[in-house]
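Right, one structure below, let's go through it.
Numbers here simply count residues along the sequence, with the first being 1. Just so you know, ligand 1 is whichever comes first in the structure, and atom 1 is the first atom listed for that ligand.
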Amino acid sequence: MEKRIDGHTGLLALFGTPVGHSGSPAMYNFCFQHDGLNLAYMAFDVDIPDMEQTLSTVKLWNLRGGNFTMPCKNIAAELMDELSDASKIIGACNVFVNKDGKLYGDVTDGKGFIKNLSVNGIEIKGKKLVVLGAGGAATAIEVQAALDGAAEIAIFNRDDEFYARAEGTVEKLKKETPDVKVSVTKLEESDKLAEAVNNCDILINATSVGMKPMDGQSLIDTSLLRKDLVVADTVYNPEKTQLILDAEEAGCAAAIGGKGMLLWQGALNYELFVGKEMPVEEYQAFQAEQAK
Ligand code: NAD
């Protein structure tokens, strides 16, 4: 790595907090090196109040692009010079590129999540979904699933500051994708949650529950995990959340963790950064080697 870095190296970075657990720097740096690109990727621990200064610095130091993670994805969208259509609907962005001093933001979480399902043999079109969550990842998945033709999307979120966002998402989707049946219900209404899970094809956890320090926790009672249910999680740290472990034990049709979502949204981001496909197979082989 140190042999690659010189006075011309272009910098990209991840912004948010916490970022120490992120796999993004290792992934992009591997791919830059593999593709012979004079670029480097870092992670910076910044919070919402730091974002204005952060993005001024991005311009001042001419960073080439990068990513935003929680809790900075919404404020990032407000601070971009230009946004993709998906980012405008969602009001968030997880990736940006610097186009001659103008920052262009997009959102690839939803597309990456759905690509990961597809790679695992699960198609979203015509399916009934229960999505737990109304934050950045959840909203991106809900919007993308609606755009990709899901039949029903039942959103459940606890009665916190994110609930109103879910109501906003439902309103927007009713307008943008009128054929999709969308609803939002409080997570605390456990009878309604049970009924929705019993009637859905795909159950998705897009909350932070299951992620450290909430590892070992799941929002879904194991009695709801049946054999023809597909279960997917956005959380990738730990790789297998309690929900995924429970789904595996219950013999669910599929139990798909968040690592693949990270990989595939990363691959979409890579294309945005450098204009070519990410060497996904080579990166996966590298990861497998590192894990030994
Ligand atoms: P966010 O802060 O925007 O949203 C957090 C969500 O979790 C909200 O809906 C909130 O209501 C819910 N929540 C938090 N604590 C809860 C609790 N105790 N009980 C019930 N609900 C609770 O976060 P985000 O960016 O949407 O990220 C959510 C999760 O998705 C994180 O674990 C993150 O690591 C993961 N994620 C994964 C990828 C990936 O590529 N795999 C990408 C983005 C986010």
Side-chain angles (χ1 to χ4, degrees), residues 14-28 43 47-48 51 67-77 87 90-95 106-117 119-120 130-144 153-170 184-190 193 204-221 232-244 256-270 278 280:
L14 171 68
F15 301 99
T17 186
V19 291
H21 66 280
S22 171
S24 296
M27 179 171 76
Y28 293 122
D47 210 334
I48 294 168
M51 280 293 284
N67 297 99
F68 305 107
T69 188
M70 55 186 215
C72 297
K73 294 180 183 182
N74 300 106
I75 182 76
S87 270
I90 294 163
C93 65
N94 71 315
V95 57
D106 197 355
V107 61
T108 48
D109 288 318
K111 287 178 196 148
F113 178 83
I114 287 168
K115 170 86 179 172
N116 187 38
L117 289 193
V119 165
N120 282 281
V130 167
V131 185
L132 309 176
T139 307
I141 290 167
E142 288 147 10
V143 169
Q144 198 63 46
I153 303 171
I155 304 170
F156 283 82
N157 203 79
R158 69 174 177 177
D159 193 4
D160 65 9
E161 71 275 18
F162 289 95
Y163 191 82
R165 172 139 31 134
E167 291 179 313
T169 302
V170 169
V184 56
T185 309
K186 297 211 168 100
L187 193 58
E188 290 81 357
E189 296 191 44
S190 46
L193 175 63
I204 298 161
N205 175 48
T207 72
S208 327
V209 176
M211 183 175 81
K212 288 176 183 171
M214 286 188 272
D215 47 334
Q217 295 180 33
S218 167
L219 295 171
I220 297 298
D221 192 275
D233 210 319
T234 57
V235 176
Y236 56 87
N237 183 29
E239 209 170 301
K240 284 189 183 184
T241 58
Q242 191 59 49
L243 175 64
I244 293 300
I256 303 166
K259 201 173 159 200
M261 171 187 178
L262 183 71
L263 177 73
W264 288 108
Q265 60 101 2
L268 295 167
N269 296 341
Y270 192 78
M278 192 169 106
V280 170

Check your understanding: Does ligand 1 have an atom that lies less than 4.0 angstrom from a heavy atom of Gly112?
Key -> no
**Study point:** Subset of ligand 1 atoms that lie under 4.0 Å from at least one heavy atom of Gln265
**Key:** 40 (O)
Check your understanding: Is there any N or O on Met70 that sits under 3.5 Å from an N or O of ligand 1?
Key -> no
Study note, to complete from the structure: Numbered in order shown, the ligand 1 atoms found under 4.0 Å of a heavy atom of Tyr236 are 37 (C), 38 (C), 39 (C), 41 (N)
Review point. What do you reckon, does Lys73 put a non-hydrogen atom under 4.0 Å from ligand 1?
Key: yes
Review point. Got the closest protein heavy atom to atom 5 (C) of ligand 1, with its distance?
Key: Ser208 OG, 3.4 Å
Study note, to complete from the structure: Residues Ile155 and Gly133: closest non-hydrogen pair is CG2-O, 3.4 Å
Practice item. State, yes or no, whether a side-chain contact exists between Asn269 and Asn94 at a heavy-atom distance under 4.5 Å. Key: yes
**Study point:** Interatomic spacing from CH2 in Trp264 to NZ in Lys111 - rounded to 0.5 Å
**Key:** 15.0 Å
Point to revise | Heteroatom proximity flag, Ala134 to ligand 1, N/O under 3.5 Å | key: yes
Check your understanding: With only distance considered, is Thr234 within less than 3.5 Å of ligand 1 through an N or O on each side?
Key -> yes
**Study point:** Distance-only N or O hit between ligand 1 and Asp109, under 3.5 Å
**Key:** no
Review point. In terms of atom number and element, which parts of ligand 1 are under 4.0 angstrom from non-hydrogen atoms of Asp160?
Key: 10 (C), 11 (O)
Exercise for review: Write out the residue and atom name of the closest protein heavy atom to atom 19 (N) of ligand 1, then the distance separating them to 0.1 Å.
Suggested key: Val209 CG2, 3.4 Å
Check your understanding: So is Met211 polar-close to ligand 1, meaning N/O to N/O under 3.5 Å?
Key -> no
**Study point:** Protein contact to atom 16 (C) of ligand 1 [nearest heavy atom, distance to 0.1 Å]
**Key:** Arg158 CZ, 3.4 Å
**Study point:** Residue, atom name and distance, where the atom is the protein heavy atom closest to atom 39 (C) of ligand 1
**Key:** Met261 SD, 3.5 Å
Point to revise | Within 6.0 angstrom of Glu167 CD, more than 12 heavy atoms from elsewhere | key: yes
Practice item. Look at ligand 1 and say whether Pro71 reaches it with a heavy atom at a distance under 4.0 Å. Key: no
Exercise for review: Nearest 0.5 Å please: distance from the CG atom of Asp233 over to the OG1 atom of Thr241.
Suggested key: 3.5 Å
Exercise for review: Report yes if some heavy atom in the side chain of Leu268 is under 4.5 Å from a heavy atom in the side chain of Lys115; otherwise report no.
Suggested key: no
Point to revise | Identity and separation of the nearest protein heavy atom to atom 2 (O) of ligand 1 | key: Phe162 CZ, 3.5 Å
**Study point:** Within-4.5 Å side-chain heavy-atom neighbours: Ser218 and Val209
**Key:** no
**Study point:** Residue, atom name and distance, where the atom is the protein heavy atom closest to atom 12 (C) of ligand 1
**Key:** Thr207 CB, 3.6 Å
Point to revise | Those atoms of ligand 1 less than 4.0 Å from some heavy atom in Ala206 | key: 28 (C)
Check your understanding: What's the spacing between Thr17 OG1 and Ile48 CD1 if we round to 0.5 Å?
Key -> 10.5 Å
Review point. Where is the nearest protein heavy atom to atom 4 (O) of ligand 1: which residue, which atom, and how far?
Key: Gly135 CA, 3.4 Å
**Study point:** Residue pair Asn157 / Arg165, side-chain donor-acceptor N/O under 3.5 Å
**Key:** no
Check your understanding: What's the shortest heavy-atom distance between Tyr236 and Gly258, and which atoms?
Key -> CB-C, 3.6 Å
Check your understanding: Has ligand 1 got any nitrogen or oxygen that is less than 3.5 angstrom from a nitrogen or oxygen of Ala137?
Key -> yes
Revision key, fill the gap. Within 4.0 Å of some non-hydrogen atom of Val235, the atoms of ligand 1 are 32 (O)
Review point. Among protein heavy atoms, which sits nearest to atom 3 (O) of ligand 1, and what does the distance come to when rounded to 0.1 Å?
Key: Gly136 N, 2.9 Å
**Study point:** Atoms of ligand 1, numbered as shown, that sit under 4.0 Å from any heavy atom of Gly133
**Key:** 9 (O)
Point to revise | Given Asn67, Val107, Asp109, the one that forms side-chain contact (heavy atoms from CB on, under 4.5 Å) with Val95 | key: Asn67
Check your understanding: Is there side-chain contact between Ile220 and Leu132, with at least one heavy-atom pair below 4.5 Å?
Key -> yes
Review point. How far does CG of Asp47 sit from CE of Met70, to the nearest 0.5 angstrom?
Key: 11.0 Å
Check your understanding: Does Asn157, backbone or side chain, put an N or O under 3.5 Å from an N or O of ligand 1?
Key -> yes
**Study point:** For Lys186 against Tyr163, the heavy-atom pair lying closest together
**Key:** CG-CE1, 3.5 Å
**Study point:** Contact with ligand 1 for Met214, non-hydrogen, under 4.0 angstrom
**Key:** yes
Revision key, fill the gap. So OG of Ser208 and CG of Asp215: to nearest 0.5 Å the spacing works out to 12.5 Å
